[in-house]
Amino acid sequence: MPVKHKADFELQLPECEGDILQIKDLHFAYPDGFRALQGISLSVCEGERIALVGPNGAGKSTLMLHLNGILGENSPISIAGLTLEKENLPLIRAVVGLVFQNPDDQLFSPTVFEDVAFGPLHMGLPEEEVKRRVQEALAAVGMEEFGSRLSHHLSMGQKKRISIATVLAMRPQILVLDEPSAGLDPRARRSLIDFLRGLSITMLVSTHDLQMVAELFPRMVILDEGVIVADGATADLLQDEELLLAHGLEKPCLSAAD
Amino acid sequence: MPVKHKADFELQLPECEGDILQIKDLHFAYPDGFRALQGISLSVCEGERIALVGPNGAGKSTLMLHLNGILGENSPISIAGLTLEKENLPLIRAVVGLVFQNPDDQLFSPTVFEDVAFGPLHMGLPEEEVKRRVQEALAAVGMEEFGSRLSHHLSMGQKKRISIATVLAMRPQILVLDEPSAGLDPRARRSLIDFLRGLSITMLVSTHDLQMVAELFPRMVILDEGVIVADGATADLLQDEELLLAHGLEKPCLSAAD
Amino acid sequence: MLYSPVYMHIPDGFLTLAVSLVFWGITIVMVALAVKNTNRSLGEKQIPLMGVMAAFIFAAQMLNFPIAGGTSGHFLGGALAAIVLGPWAGILVMTAVISVQALLFQDGGLLVMGANIFNMGILTAVIGFGLYRLAIGQKRVLRLAMAGIGAWLATMTAALMASLQLWLSGTTPLEIVIPAMLGVHAFIGIGEALITVAALVYIEQTRPDLMSEEKTAQEGGHGWVIGGVLVTLAAVILSPLASAHPDGLERVAENLGFLGRGMDAPFQILPDYTIPFLGETALSTILAGALGALLLLGLTILLGRSLIRKGNQA
Amino acid sequence: MHVDIIDQYQFLESRIHALDPRVKVLISVGFILSNALLPDGSWPAFALSWLVLLLANDLANLGLGFTLKRSLIALPFALVAISAIFSPIGEPLAIWDLGFIKLVPTDAGLIRFFSIMVRSWLSVQMAILLVATTQFPDLIHALEHLHLPITLTTIIAFLFRYLFVLTDEVFRILRARDARSAGLPGLKSGGKLAWRIKTTGSMAGQLFTRSYERSDRIYLAMISRGYTGRIRTLHPHQMDRSDWLTLAWSAALLTLIQIVGWIR
Ligand SMILES: Nc1ncnc2c1ncn2[C@@H]1O[C@H](COP(=O)(O)OP(=O)(O)OP(=O)(O)O)[C@@H](O)[C@H]1O
Ligand SMILES: Nc1ncnc2c1ncn2[C@@H]1O[C@H](COP(=O)(O)OP(=O)(O)OP(=O)(O)O)[C@@H](O)[C@H]1O
Ligand SMILES: [Mg+2]
Ligand SMILES: [Mg+2]
């Protein structure tokens with residue numbers, strides 16, 4: 001079920017020069033001095049689906065946290081034409097929907113409904129609109145009936161879907177997912193993949209699951225030690241076994257699935 | 001590095017009739033009434049490596065918790081000739097080494113050394129022997145220098161190895177691992193597989209990673225809804241796509257690896 | 001058992017309305033202050049932090065350690081929360097824990113919740129944090145020892161206060177409830193102290209930033225030290241006194257007038273019969289109680305002395 | 001996982017389940033207050049209170065004995081009140097000489113003891129009824145709408161959510177400890193008590209550190225969805241006619257109980 005982005009409360013985005021996301025030579029060091037990002041440049045066009053891969057500690061999560069201004073104020077990032085500055089943050093957080101890896105960190109309200117409503121409420125939308133958006137987002141992830149359920153009663157796969165709904169309810173232009181398939185069994189993973197395939201929205205996804213990358217993402221970016229070591233068509237990069245091996249990856253099986 | 005099982009404090013196990021583990025029609029219901037195991041029978045011979053697969057909620061973890069008496073007192077299980085009774089429990093826990101999925105649950109001491117020493121200390125071994133065993137176990141997982149490190153600050157892959165060491169230090173006859181490869185990046189996963197391959201000990205491993213199963217385990221048991229639906233040679237079962245699909249599994253890629 | 005109730009949670013029905021309301025009053029004021037102060041010091045991060053910490057205290061209460069013969073030690077957590085999060089946040093966290101225990105598990109009543117929060121949340125924060133704050137700038141061993149003593153005393157004081165509330169409500173005579181409650185909690189308190197110290201050691205090793213002295217100093221000023229010492233002194237003096245001379249305590253209370261002698265019937269705080277003339281029947285109980293209390297007092301003093309000596313040598 | 005069996009909410013449909021949670025909170029507190037107000041030994045009033053409870057049990061489709069069965073948890077605390085039996089007021093009923101101590105139960109003491117027990121027992125049942133018919137999140141809303149500080153209600157909401165996550169963690173840690181608590185024949189297993197306590201303390205410390213770090217991540221998740229320090233909530237509940245009616249009826253019943261209790 002693709003999410004339609006036409007409603008009363010549509011964001012008026014400034015004109016964008018073809019790129020919905022632009023990063024120019026981004027550096028970042030954690031307070032302890034660890035230089036997690038060392039010159040990242042990336043451009044993303046509207047509607048693209050990009051996979052971000054790389055070994056543990058490569059800096060994937062760090063990069064994603066920059067995309068809606070949680071880390072690194074005044075970074076050289078522009079999102080839908082907006083620069084990453086303090087006064088733009090609320091708008092940017094409405095544009096970029098960030099889903100964390102562990103749904104237990106993302107779903108912090110007692111009930112599913114309250115959780116999905118959190119984002120729209122904090123955008124200051126009227127109650128009626130909030131309710132409509134929650135319904136819509138739950139429908140988009142196929143969990144309409146779960147509104148009144150308690151978050152802790154859900155299975156891992158269900159929690160993952162609800163996490164995505166919490167962000168969809170904010171009608172983001174870009175969906176940023178941190179390792180969405182980790183910890184899912186093959187069936188739940190398959191249904192997640194099918195769900196993501198149906199979603200027509202710009203998407204940046206970090207993952208260790210190269211098989212999913214091959215199935216779902218035309219473009220792939222390999223990150224290692226804070227730099228982008230490769231950026232190109234997934235089909236090409238996955239053929240380059242040497243490259244993969246050098247960055248802790250493994251050529252996935254391309255025959256079994258689909 | 002295979003762990004050698006000859007030392008001063010070797011266990012004197014009673015004669016075993018060829019099977020190191022025997023389960024006969026095991027039933028188990030959780031306190032809330034959910035019947036998680038509904039008639040499990042399984043025999044394991046010394047030195048066998050068996051993979052336990054099945055969808056989320058199949059009962060894999062439940063079964064494993066039975067194997068060293070954490071769940072289900074007086075179950076129809078015999079381990080190395082010992083029946084699962086209260087007075088045998090301490091001995092059985094020395095025979096069966098159980099490693100949980102999440103190393104964060106397994107590692108509860110501040111330093112790696114203290115954690116690995118927990119089992120031997122609890123067994124009442126003299127200090128010298130404890131130290132020797134800790135060194136040996138850490139060496140077996142290739143982490144000799146990590147003794148004084150804080151468990152909290154290790155990477156996932158390192159924590160996994162330490163978890164296994166905590167159990168190896170007890171010199172178990174059977175190693176039971178619950179989803180050892182979950183959450184590891186391809187490189188860490190690969191090194192775990194290589195490590196397990198080098199370990200010559202009876203092994204029962206639950207996993208969703210069928211590719212690892214194909215590489216490492218000659219025998220495979222499929223569990224679904226509390227019953228064993230298939231038990232046989234991995235090579236055969238993995239060919240049976242219908243069977244796999246029926247139980248939420250997917251045929252893995254057999255070409256890419258090795 | 002998934003969740004085992006702790007004896008210190010007073011259920012509804014055991015305290016009179018007047019006693020319940022008095023302690024609700026104190027508690028409400030303290031909690032309101034705590035809300036104000038944490039808003040100021042912790043900022044917007046406070047809510048998830050305190051919420052998850054409350055869940056932590058709750059979950060940690062399920063940790064137990066085998067002592068002997070099937071009994072096991074339990075953990076209350078008030079002092080630990082106050083030491084690591086600061087006293088105000090500690091009070092809020094314990095308030096949340098105690099209300100959920102009452103609401104969700106009926107462990108402790110609703111009408112008496114004010115008293116329970118006062119005993120287990122506010123007193124433990126005052127003593128636990130106050131004494132720990134006192135040792136700031138001292139050697140690590142001394143600080144940890146103070147944390148341990150604080151945790152033990154906090155448990156004992158909470159038990160003492162619960163006993164006093166029960167007595168004020170005419171539920172049970174002083175000479176019985178004090179030795180009984182203090183006797184049980186002397187042991188529970190030891191477990192509490194040891195776990196608190198061990199947990200602090202772990203936290204210091206893995207997240208030293210959470211336990212830095214500046215942070216602790218920032219979280220509460222000298223007022224807490226004074227409060228902690230005063231409450232501790234009061235408790236240490238009061239408990240043997242109360243169990244040895246219950247009538248004496250009562251007379252003091254009457255002279256101070258806070259028992260409101262004029263109130264009658266439903267608001268009767270102090271039914272007459274709790275003024276026992278030291279009859280033969282009660283004598284042995286009193287003796288036993290006094291002995292126990294004196295023993296505890298002596299132990300506390302000895303422990304304190306040896307620690308101070310150690311601190312001076314350092 | 002499955003620690004949620006400690007959640008006592010009963011998934012049923014009934015008039016009581018459907019009531020506005022604020023009404024249920026008010027009635028429960030009123031009932032407990034009424035118990036505290038009743039004088040010692042007002043048995044008819046206590047009986048009437050119990051009748052009201054039974055009726056509520058029935059209206060909630062829980063079965064008559066539901067709250068009764070669950071009310072036994074408060075029993076251990078009764079030990080504390082037993083001493084009331086021997087309070088030196090009223091007429092002595094007997095003298096039990098136990099050698100080292102003489103116990104003298106009195107009639108007034110007995111009345112006092114049983115009154116305390118009945119009050120406590122009725123109050124606990126009402127609290128059980130409240131949580132059995134009200135989802136905890138609704139309860140939190142009720143407290144919010146009754147003007148508790150939002151900081152506090154939000155902390156409680158977080159506590160409820162993470163209670164289950166963290167207790168699960170505790171259980172897994174405890175299991176891991178059990179799994180390695182092995183023994184060998186001929187050796188004394190278990191280790192020293194101090195070591196055991198230290199291990200438990202480490203477990204508590206570890207749980208603390210992990211909880212603390214989790215709260216950091218949750219904070220990040222919150223700001224990424226627009227949180228700026230002020231929690232906003234929906235107002236999902238509306239008082240309707242039947243809510244007001246129930247409230248009025250209950251007030252009348254409680255007044256009646258007080259009258260019965262105070263008429264001699
Ligand atoms: N708060 C922090 N302070 C200091 N260093 C940090 C912090 N968080 C992460 N790092 C370090 O930054 C580097 C990048 O971490 P990041 O979480 O972005 O990696 P990742 O690519 O997401 O890895 P994974 O696949 O394991 O999720 C790592 O080396 C990590 O140790
Ligand atoms: N403590 C518990 N109380 C009640 N039911 C439980 C409990 N623990 C697990 N279950 C249920 O028992 C069934 C088997 O659970 P188990 O954890 O053994 O599955 P599993 O095969 O290990 O699944 P996974 O692949 O997700 O780890 C599940 O349906 C689960 O919901
Ligand atoms: Mg990451
Ligand atoms: Mg499992």
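In what follows, chains are A, B, ... by sequence order, proteins preceding strands, each numbered from 1.
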Quick check: does any side chain N or O of D/Ser120 sit under 3.5 Å from a backbone N or O of C/Asp12, one acting as donor and the other as acceptor?
-> yes
Under 3.5 Å, is there a donor-acceptor pair between the side chain of D/Thr199 and the main chain of D/Trp195?
-> yes
Is there a side-chain contact between D/Glu169 and D/Arg214 (heavy atoms, below 4.5 Å)?
-> yes
With a 4.5 Å limit on heavy-atom distance, are the side chains of C/Gln106 and D/Val131 in contact?
-> yes
If you count heavy-atom pairs within less than 4.5 Å of chain C, which of [options] leads?
| options | answer |
| --- | --- |
| D/Arg210, D/Glu213, D/Lys198, D/Met126 | D/Glu213 |
| D/Val118, D/Ile155, D/Leu159, D/Thr209 | D/Leu159 |
| D/Ala127, D/Gly205, D/Ser123, D/Ala204 | D/Gly205 |
| D/Val29, D/Ile156, D/Ile32, D/Ile218 | D/Ile32 |

Exceeds 12 heavy-atom contacts within 6.0 angstrom, atom CH2 of C/Trp24 = yes
Under 4.5 Å from a heavy atom of chain C, the part of [X] involved:
| X | answer |
| --- | --- |
| D/Gln206 | both |
| D/Thr151 | both |
| D/Leu143 | side chain |
| D/Leu152 | side chain |
| D/Met222 | side chain |
| D/Leu139 | side chain |

Taking all non-hydrogen atoms of both residues into account, name the closest pair between C/Phe14 and C/Ile10 and its distance.
-> CB-CG2, 3.8 Å
Give, as side chain, backbone, both or neither, the part of [X] having an atom under 4.5 angstrom from any heavy atom of chain D.
| X | value |
| --- | --- |
| C/Val197 | neither |
| C/Leu103 | both |
| C/Ile57 | neither |
| C/Val93 | neither |

Look at D/Arg112 together with D/Asp107 and state whether they make a salt bridge at an N to O cut-off of under 4.0 Å.
-> no
Does the side chain of C/Gln61 pick up a donor-acceptor pair with the side chain of C/Gln101 at under 3.5 Å?
-> yes
Are C/Phe56 and D/Tyr162 close enough, and set up right, to give a side chain to side chain contact (heavy atoms under 4.5 Å, CB included), and what steps lead you there?
-> CA-CA 8 Å; C/Phe56 156 75; D/Tyr162 286 99; over 6 Å; no
Any idea which of C/Val100, C/Leu110, C/Leu200 has the most non-hydrogen atom pairs under 4.5 angstrom with chain D?
-> C/Val100
Classify the ring geometry between D/Trp50 and D/Trp121 as parallel (under 30°), tilted (30 to 60°) or perpendicular (over 60°).
-> tilted
